[in-house]
Amino acid sequence: MIQGPIVILTGAGISQESGLDTFRCAGGVWSRHDLEDVATPQGYRRNPALVQAFYNDRRRQLEDAAVRPNPAHLALARLERDWPAPVLLVTQNIDDLHERAGSRAVLHMHGELRKGRCEACGRVLEWAGDMTVESLCPACGKAGRVRPHVVWFGEVPLEMERIFQALDACALFLSIGTSGHVYPAAGFVAHVRERGLAPTVELNLEPSQGASLFHQAFYGPASDVVPRFVETVLTGDDLGPV
Ligand code: BJW
């Protein structure tokens, strides 16, 4: 039986049934856009307008009434509410579906679509509409220095210290809807496993890159496997051999 803090890593797969594309699945974001162009600092320096347009489109998508939390997001919010110890959600996603589902302890390690960052004054800003290469920073007033508050390849992900502290103290590590291609997130399971810190469980549509490192795995759509797994944890049922 699990007792104590839970750390959950989520990726694009958890939001797929909410209408947001994953990156590496067939028809995913990287099949339509070159990641070197839109998800690297070099790409941004080459063509900031292209990158702003890419994130503007994705920010607008969040406004679509059809894009809303699915049963997987809701189940994780319930877990945080009903579990007697801390539940920390570490998400690679830049959407806000965990928050909309009611989760409160959420760390966005790859940033947030609804935030911008001023490269002149360093302030992180709430950002609702489009961002352009001429946008003014509401904090310092400079024009053309606001960029999406997201983490591109080669940049350091956010909140790493808090994440590793939580991993070191967890009683269960859960990975949901991520392909395990992108580090450091892909390395969390090895961090927990190598130190014998906690059982590690993968919930995904298919085995991820790091599948062999998980003690247990349940495969299927997140809206199905996540609520069922949360129910098992909350009722205190044995997770099986770990
Ligand atoms: C479903 C489903 C359903 C589908 N239900 N499941 C060589 C070795 C090791 C590392 C490196 C290396 N060369 C370079 C690196 C570092 C690099 C890296 O990892 N590169 C790899 C490609 C090799 N990493 C970095 O540069 C990172 N920074 C860094 O390492 O800094 C150094 C440092 C670290 C720590 C401390 C100090 C210093 C930064 C990475 C930034 C990634 N940014 C992006 C874009 C963010 C903004 C945006 O959204 O546009 O983040 S890339 C993109 O990939 C995005 C995602 O968060 C990330 C992960 O993708 P995710 O979520 O796993 O999605 P998919 O599509 O890959 O998978 C979806 C999964 O869902 C699949 O498995 C499906 O089966 C499943 N699924 N439907 C359940 N209904």
Side-chain angles (χ1 to χ4, degrees), residues 8-44 50-59 61-62 69-73 75-76 89-98 107-117 131 147-164 167 174-191 201-211 214 217-229:
I8 305 166
L9 172 69
T10 63
I14 197 168
S15 298
Q16 188 269 337
E17 291 164 90
S18 296
L20 299 177
D21 285 334
T22 64
F23 293 92
R24 296 168 184 81
C25 298
V29 175
W30 298 152
S31 69
R32 299 189 303 276
H33 302 271
D34 186 336
L35 74 81
E36 298 288 338
D37 288 338
V38 296
T40 64
Q42 297 80 359
Y44 183 61
L50 176 88
V51 178
Q52 295 284 16
F54 172 71
Y55 286 100
N56 286 340
D57 281 348
R58 290 175 62 198
R59 198 176 300 109
Q61 248 188 312
L62 291 186
N70 68 52
H73 297 101
L76 296 183
L89 255 174
V90 176
T91 187
Q92 297 169 86
N93 300 341
I94 62 175
D95 66 54
D96 57 356
L97 294 177
H98 285 307
L107 297 181
H108 284 269
M109 65 179 290
H110 291 165
E112 294 173 71
L113 255 180
R114 287 194 155 125
K115 288 188 177 163
R117 187 167 76 243
M131 192 181 283
R147 59 162 274 185
H149 184 51
V150 299
V151 178
W152 292 318
F153 285 104
E155 297 184 321
V156 179
L158 309 173
E159 305 280 11
M160 292 312 299
E161 207 178 313
R162 282 172 73 188
I163 294 170
F164 279 107
L167 289 173
L174 200 53
S175 173
I176 304 175
T178 177
S179 62
H181 277 93
V182 177
Y183 287 84
F188 293 167
V189 61
H191 180 92
V201 179
E202 165 160 270
L203 307 179
N204 206 29
L205 199 55
E206 59 196 9
S208 68
Q209 286 266 101
F214 290 93
F218 299 91
Y219 296 116
S223 66
D224 176 31
V225 293
V226 177
R228 284 204 279 140
F229 186 80

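One is the number of the first residue; the rest follow in order along the sequence. Reckoned from all heavy atoms, side chains included, excluding hydrogens, waters and symmetry mates. First listed ligand is number 1; within each ligand, the first listed atom is number 1.
Counting atoms of ligand 1 from 1 in the listed order, those under 4.0 Å from a heavy atom of Tyr55 are 47 (C), 48 (C), 50 (O). With ligand atoms numbered from 1 in the order given, ligand 1 contributes 5 (N) to contacts under 4.0 Å with heavy atoms of Pro221. Of all atoms in ligand 1, numbered sequentially from 1 with element shown, those under 4.0 Å from a heavy atom of Glu206 are 75 (O). Taking every non-hydrogen atom of Gly154 and a distance limit under 4.0 Å, the qualifying atoms of ligand 1 come out as 25 (C), 26 (O).
Considering backbone and side-chain N/O of Gly180, none are found under 3.5 Å from N/O of ligand 1. Here's the thing with Trp30: none of its N/O atoms is less than 3.5 angstrom from an N/O atom of ligand 1. Annotation: Val182 places no N or O atom under 3.5 Å from an N or O atom of ligand 1; distance criterion only. Note: an N/O pair closer than 3.5 Å links Gly177 and ligand 1 by distance alone. At a 3.5 angstrom cut-off on N or O pairs, Leu205 counts as close to ligand 1.
Leu9 contributes atom CG, which lies 7.5 Å from atom OG1 of Thr91 (distance to the nearest 0.5 angstrom). Atom CD of Gln16 is separated from atom OG of Ser223 by 9.0 Å, given to the nearest 0.5 angstrom. Rounded to the nearest 0.5 Å, atoms CZ (Arg114) and NE2 (His149) are 15.0 Å apart.
Taking atom 57 (O) of ligand 1 as the reference point, the nearest protein heavy-atom neighbour is His110 ND1, 2.8 Å. Of the protein's non-hydrogen atoms, Glu155 O, 3.5 Å is the one closest to atom 29 (C) of ligand 1. When only non-hydrogen protein atoms are considered, atom 21 (C) of ligand 1 lies nearest to His181 O, 3.4 Å. Scanning the protein for heavy atoms near atom 76 (C) of ligand 1, the closest one is Asn204 OD1, 3.2 Å. Protein heavy atom at the shortest distance from atom 35 (C) of ligand 1 is Pro184 CG, 3.8 Å. Nearest protein neighbour of atom 16 (C) of ligand 1, counting heavy atoms only, is Tyr183 O, 4.6 Å. The nearest heavy-atom contact from the protein to atom 79 (C) of ligand 1 is Ala222 N, 3.5 Å. Protein heavy atom nearest atom 62 (O) of ligand 1, with residue, atom name and distance: Ala12 N, 2.8 Å.
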Test log, rule side chain to side chain contact (heavy atoms under 4.5 Å, CB included), inputs Phe229 and Leu174: CA-CA 10 Å; Phe229 186 80; Leu174 200 53; 3.4 Å; yes
Worked verdict on Val182 versus Phe153 for side chain to side chain contact (heavy atoms under 4.5 Å, CB included): CA-CA 9 Å; Val182 177; Phe153 285 104; 4.0 Å; yes
Side chain to side chain contact (heavy atoms under 4.5 Å, CB included) between Met109 and Glu159, intermediate numbers included: CA-CA 6 Å; Met109 65 179 290; Glu159 305 280 11; 5.7 Å; no
Derivation and outcome, side chain to side chain contact (heavy atoms under 4.5 Å, CB included), residues Asn204 and Tyr219: CA-CA 5 Å; Asn204 206 29; Tyr219 296 116; 4.2 Å; yes
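Under 4.0 angstrom from ligand 1, the non-hydrogen atoms of Arg24 come from both its backbone and its side chain. The side chain of Arg58, and not its backbone, has at least one atom closer than 4.0 Å to an atom of ligand 1 (non-hydrogen atoms only; side chain from C-beta on). With a heavy-atom cut-off of 4.0 Å, Ser208 does not touch ligand 1 at all. By the criterion of a heavy-atom distance under 4.0 Å, neither the backbone nor the side chain of Tyr219 is placed next to ligand 1. For Trp152, every heavy-atom contact with ligand 1 shorter than 4.0 Å involves the backbone, none the side chain.
For atom 9 (C) of ligand 1, the nearest protein heavy atom lies under 4.0 Å away. Taking a distance limit of 4.0 Å, we find that atom 32 (C) of ligand 1 is approached by no protein heavy atom. For atom 12 (C) of ligand 1, the nearest protein heavy atom is 4.0 Å or more away. Distance remark: protein heavy atom present below 4.0 angstrom from atom 39 (C) of ligand 1.
Checking Thr178, Leu9, Val38, Val156 against atom 37 (C) of ligand 1, the nearest heavy atom belongs to Val156. In this comparison of Ala39, Ser179, Gly11, the heavy atom closest to atom 65 (P) of ligand 1 sits on Ser179. The heavy atom nearest to atom 3 (C) of ligand 1, considering only Gly13, Gly28, Ala185, is found in Gly13. Of the candidates Val151, Asn70, Leu35, Val151 brings a heavy atom nearest to atom 41 (C) of ligand 1.
The aromatic rings of His33 and Phe54 stand perpendicular to each other, their planes meeting at an angle above 60°, with 30° marking the opposite boundary. Ring orientation note: the planes of Phe188 and Phe164 are nearly perpendicular, at an angle over 60° on the 30°/60° scale.
Between Ser179 and Ser208, the closest heavy-atom pair is O-CB, 3.5 Å.
For Glu17 (side chain) and Ala222 (main-chain N/O), a donor-acceptor pair under 3.5 Å exists by modelled atom type. Within the 3.5 Å criterion, the main-chain N or O of Phe214 finds no donor-acceptor partner in the side chain of Glu202. Side-chain atoms of Asp37 never come within 3.5 Å of backbone atoms of Gly43 as a donor-acceptor pair (strictly under, hydrogens ignored). In terms of modelled atom types and a separation under 3.5 Å, the side chain of Ser15 and the main chain of Ala12 share no donor-acceptor contact. Using modelled atom types, one side-chain atom of Arg59 and one backbone atom of Leu113 make a donor-acceptor pair closer than 3.5 Å.
Leu107 has its side chain out of reach of Leu158: every pair of non-hydrogen atoms, C-beta onward, lies at least 4.5 Å apart.
When each of Asn93, Ile14, Leu62 is checked for a side chain to side chain contact (heavy atoms under 4.5 Å, CB included) with Leu20, only Leu62 meets the rule. A side chain to side chain contact (heavy atoms under 4.5 Å, CB included) with Thr10 is found for one member of Thr178, Val90, Leu76 and no other, namely Leu76.
For Cys25, the closest heavy-atom approach to ligand 1 falls below 4.0 Å.
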